[in-house]
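The next block holds one structure in the form of structure tokens; read it before the comments.
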Amino acid sequence: MTDGDGDAIILGAGAAGMMCAATAGARGRRVLLIDHADAPGKKILISGGGRCNFTNIHTAADRYLSENPHFAKSALGRYTPQDFLALVESYRIAWHEKTLGQLFCDGSARQIVDMLMQECAKGAVTISLGHPATAIEHGDGRFRVTVNGREWTAPALVLATGGPSIPKMGATGFAYDVARRFGLGVVQPRPALVPLTLGADDALFRSLSGISAAIEVRWGKVRFREAALFTHRGLSGPAMLQISSYWQHRTPISVDFLPDAEPQWLVKLKRERPRTPLRRALSRMLPERLAVALAEKLALGGELVNLSDNSLRMVESCLADWPFAPTGTEGFAKAEVTGGGISVAELSSRTMMARRLPGLYAIGEAVDVTGWLGGYNFQWAWASGSAAGQAI
Ligand SMILES: Cc1cc2nc3c(=O)[nH]c(=O)nc-3n(C[C@H](O)[C@H](O)[C@H](O)COP(=O)(O)OP(=O)(O)OC[C@H]3O[C@@H](n4cnc5c(N)ncnc54)[C@H](O)[C@@H]3O)c2cc1C
């Protein structure tokens, strides 16, 4: 695409944009891929602690949040984790399953970016880095985009600029601005997969910063059983990041600190070892400092023999249903993804094209589809990028 006219212009050389460009390029489409950053795929490079959790083998639409929970089914069904894995293996990139179906590179996330760039090169994709799009116009069935003083035109424009999570990495709400300009709705963007903050009432827990425990967290009917981490600001770790995507302000979450405990375990322990102090009983099951904090909050102490069975049952039920009232989240600065985004009501689930403006597409995190933690968000980027890449 050297004369300024092509088949598609893709804004954003992240996960979704590169996949879309490579897919369309492989079909012989002339594609221009534009990013204002000086290098492609920066979020891929920092993902998964530098090893990129590139997919999850348990991918299914019910592991995504969206105003239309069915929307993601079509794209996810047509480009699966196995499809991406086959691509990874064709480049001889070594990988392993960590836990809960999460697949990571053995080596480095750089391998995924290099693979996608090679796929773009195979499809003769033209890439423009380091310059923003300064003007975007539409007329006579073509989009006109100005980059670094040069105008490019194409009948298809793909919005793949992600969401505003981690703005210090160049993340913006640009896709929403363009979508709104062309008359598309945007579901209120919000930080997701983000640590929760606790207030003064929970200062004792904030003093446990660095301690983690395997818990079950619940919000309404949603529950996650994973590790939680106490921080100096509140609650983090996989379980809390997961629940944060669902949590709504001014509502409590509930934590089961001992999801594997047998019923009546404290009463049984009292019969077996009556002289055990309550704090020690709790620290057999939980990290010591957490056990001490919980006993302090419960305002109970002493040896089990001196506590009634009813008090011990009360302790058990408190530990199984401990309410926390988060005061908020750590915001977009710490959010792994953005919830909300370009309304799926406006898009075809098969092609990702806007119904009211043929030729305009939106993919990846810019769209109101937000995955669980664990490789689901990249799988959405690959699947939605592939869907649009097949259509443009
Ligand atoms: C720290 C961290 C770790 C993560 N780890 C994982 C993980 O292991 N597994 C997983 O599944 N998900 C992970 N995610 C989420 C994942 O990175 C995103 O869901 C995914 O990158 C979204 O892909 P995308 O292509 O839609 O957007 P992005 O990858 O964010 O790409 C958007 C691109 O658009 C460009 N852009 C933005 N604004 C403009 C503009 N105005 N003009 C031109 N270009 C622009 C950006 O520079 C960027 O290159 C992680 C996120 C973070 C922040």
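Computed over heavy atoms, backbone and side chain alike; hydrogens, waters and symmetry mates excluded. First listed ligand is number 1; within each ligand, the first listed atom is number 1.
Between Arg271 and Asp309 there is a salt bridge, with a side-chain nitrogen of the basic residue lying less than 4.0 Å from a carboxylate oxygen of the acidic one. Taking 4.0 Å as the cut-off between side-chain N and carboxylate O, Asp83 and Arg78 do not count as a salt-bridged pair. Classification of Glu303 and Arg275 as a salt-bridged pair holds, one side-chain N sitting under 4.0 Å from a carboxylate O.
Atom CD of Glu89 sits about 4.5 Å away from atom CG of Leu85, to the nearest 0.5 Å.
For the salt bridge (charged side-chain N to carboxylate O under 4.0 Å, His left out) test, residues two or more places apart in sequence or in another chain that qualify with Lys122 are Glu119.
Between Phe257 and Phe324, the two ring planes are perpendicular [angle over 60°; tilted spans 30° to 60°].
Applying the ring pair (Phe, Tyr, Trp, His ring centres under 6.0 Å) rule to pairs touching residues 67-87 yields Phe54-Phe84, Phe84-Trp382, sequence neighbours excluded.
Every N/O-N/O distance between Gly374 and ligand 1 stays at or above 3.5 Å. Checked by distance only, ligand 1 and Thr172 come closer than 3.5 Å through their nitrogen or oxygen atoms.
Annotation: atom 1 (C) of ligand 1 to nearest protein heavy atom, Ile46 CD1, 3.4 Å. Among all protein heavy atoms, the one lying closest to atom 44 (N) of ligand 1 is His36 N, 3.3 Å. Given atom 31 (O) of ligand 1, the protein heavy atom at minimum distance is Gly14 CA, 3.2 Å. Looking at atom 52 (C) of ligand 1, its nearest protein heavy atom turns out to be Glu336 CG, 3.5 Å. Atom 30 (O) of ligand 1 has as its closest protein heavy atom Lys43 CD, 3.6 Å. Residue, atom and distance of the protein heavy atom nearest to atom 24 (P) of ligand 1 are Ala16 N, 4.0 Å. For atom 29 (O) of ligand 1, the nearest protein heavy atom (residue, atom name, distance) is Ala15 N, 3.5 Å. Atom 49 (O) of ligand 1 has Asp35 OD2, 2.5 Å as its closest protein atom, hydrogens excluded (heavy atom only).
Numbered from 1 in the order shown, with element, the atoms of ligand 1 that lie under 4.0 Å from a heavy atom of Gly364 read 26 (O).
Remark: side-chain polar atoms of Arg27 are paired, donor with acceptor, to backbone N or O of Ile392 under 3.5 angstrom.
Closest heavy-atom approach to atom 21 (O) of ligand 1 among the candidates Phe378, Trp372, Phe104: Phe378.
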